[in-house]
Amino acid sequence: MKNIRKLGILTGGGDCPGLNAVIRAVVHTAIRVHGLEVCGILDGYAGLIHKNVRSLGLADVSGILPRGGTILGTSNRDNPFHYSEPGPRGENEPRDVSAQALKTIEYNEIDALVTVGGDGTQAIAQRFFAKHGLPVVGVPKTIDNDLNGTDVTFGFDTALNIATTAVDKLHSTAESHHRVMVIEVMGRYAGWIALGAGLAGGGDVILVPEFPYHIEKVCDHIRGRAAGGKRFSLVVVAEGAKAEGGQMVVARQVNDASDPIRLGGIAALVANQVEDITGIESRFTILGHVQRGGSPSPFDRILASRFGFHAVEAAVNRKFGQLVGLRGSEIRTTPIEEAVAEPRRVRAEEDLVHVAKAVGTCFGA
Ligand code: F6P
């Protein structure tokens, strides 16, 4: 069996803090431990389609550990199996250009590809593996923490820190003005950031996509607090939350992205309804992409470095089609196919949910 001589690495999907730490760990482990060559594919799968590849040496990754974003660039719309040329929306019919993408792998003599990304990126990696036999190893990235095959994705801890800091800041202004402050956090169809930041920041109400809420229950809780002398409340709402029998709030629909739904705006709806029903003045804040920016937390730097190291080990040991992940305190691998089969979402029996309820948090459900 042919030994691995050259590794490729790409970062796909939405960026998140810790991507550079993975790239650095992959490059160091490949070169220093195994004497391999490494090259980076630029802008996720777009680089494979358009032959944008650069070699990566130790000097290229010097100083990048604490930097947010990705030195390789990323994209969450260039799926080689369903690719439309850039242009005005709807102009180009999507095509399967995966064979063209594979030529970039062959031309650059890449023996194995490390794909750093969330469910969309890993589902594409799995397709390349299953359909074309491309040797891939996945690394789980996303602030949403919604990927199976790992207890936690890298990027989540940093986003949680940013969201918790924001909840803390809103606390003091809510208290001074006797207002309800509604903060919308990211997370797509999973409520991990809202649950974590709500618990860490002492949110009075946490609304997550997994538990559709009743606005009356939310308002009862806020009124109850006011009756008990707490004339302010903090509501932490996940962008994907929805009322029982209602719909998620969509900011925009775009048809050429891997996920055509851009969520956003639930905080305004909740704040206005709370003000109308309770008569308590309410404001909303949408935290947005600030959750994905900036320097990774120490936890994420370490986790990303461990993932990068173990991804190279998996490739060298020819464990292809696998995703590295954290299981307890160990790094283990899981078939990518299993990891992407279902998103990891907040369950009612989650310990964090029990704890949040025990400390008086209302889920509106
Ligand atoms: O998946 C990460 C994430 O930040 C989600 O939380 C959010 O819904 C989405 O990406 C936003 O994507 P974009 O950067 O394309 O607006």
Side-chain angles (χ1 to χ4, degrees), residues 10-19 22 43-46 68-70 72-79 82 84 86 89 115-125 138-150 152-164 166 183-198 206-210 236-242 247-268 285-294 296-297 300 304 323 339-340 342-346:
L10 65 78
T11 54
D15 71 338
C16 88
L19 284 164
V22 177
D43 301 333
Y45 290 108
T70 160
L72 295 177
T74 188
S75 154
N76 55 6
R77 38 195 295 184
D78 298 293
N79 176 353
H82 193 79
S84 335
R89 294 196 190 289
T115 55
V116 189
D119 58 350
T121 303
Q122 302 308 348
I124 294 169
V139 174
K141 162 242 72 164
T142 167
I143 64 163
D144 303 337
N145 201 25
D146 61 352
L147 203 57
N148 275 306
T150 185
V152 64
T153 53
F154 79 85
F156 173 66
D157 182 69
T158 308
L160 196 53
N161 274 289
I162 295 166
T164 303
I183 175 168
E184 176 176 319
V185 296
M186 282 185 164
R188 231 170 25 153
Y189 310 115
W192 296 107
I193 301 178
L195 177 60
I206 299 174
L207 303 179
V208 295
E210 293 86 346
V236 183
V237 57
E239 62 182 355
K242 59 177 186 224
Q247 301 286 326
M248 284 182 289
V249 179
V250 174
R252 187 149 197 234
Q253 182 142 356
V254 284
N255 291 324
D256 58 349
S258 56
D259 186 348
I261 305 288
R262 285 189 199 155
L263 295 170
I266 180 82
T285 301
I286 300 176
L287 206 50
H289 289 80
V290 75
Q291 291 160 98
R292 292 215 317 238
S297 65
D300 276 336
L323 183 85
V340 300
E342 294 251 330
R344 199 171 80 87
R345 304 182 76 209
V346 175

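Just so you know, ligand 1 is whichever comes first in the structure, and atom 1 is the first atom listed for that ligand. Index from 1, following the sequence.
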Between ligand 1 and Gly187, is the shortest N or O to N or O distance under 3.5 Å? yes
Student check: side-chain heavy atoms of Phe156 and Asp144 closer than 4.5 Å: no
Go through Thr285 and Glu184 one step at a time and tell me if the side chain to side chain donor-acceptor pair (under 3.5 Å) criterion holds. CA-CA 6 Å; Thr285 301; Glu184 176 176 319; over 6 Å; no
Quick one: are Val185 and Ile286 in side-chain contact, heavy atoms under 4.5 Å? no
Between the side chains of Asn76 and Tyr45, is a donor N or O closer than 3.5 angstrom to an acceptor N or O? no
Mind checking whether Ile143 contacts ligand 1 via backbone (N, CA, C, O), side chain (CB onward), both or neither, at a 4.0 Å heavy-atom cut-off? side chain
Distance filter under 4.0 Å to Arg188 heavy atoms, resulting ligand 1 atoms: 6 (O), 8 (O)
Starting from atom 1 (O) of ligand 1, find the nearest protein heavy-atom neighbour and note its residue, name and distance. Asp144 OD2, 2.6 Å
Against heavy atoms of Asn76, which atoms of ligand 1 measure under 4.0 Å? 15 (O)
Quiz question: by atom type and distance under 3.5 Å, do the side chains of Asp78 and Ser75 form a donor-acceptor pair? yes
So is His289 in contact with ligand 1, going by heavy-atom distances below 4.0 Å? yes
Measure from NZ or CZ of Arg345 to the centre of the six-membered ring of Trp192, then state whether that distance is under 6.0 Å and the direction lies within 45° of the axis. no
Atom 8 (O) of ligand 1: nearest protein contact (heavy atom, Å): Glu239 OE2, 2.6 Å
Starting from atom 3 (C) of ligand 1, find the nearest protein heavy-atom neighbour and note its residue, name and distance. Arg292 NH1, 3.4 Å
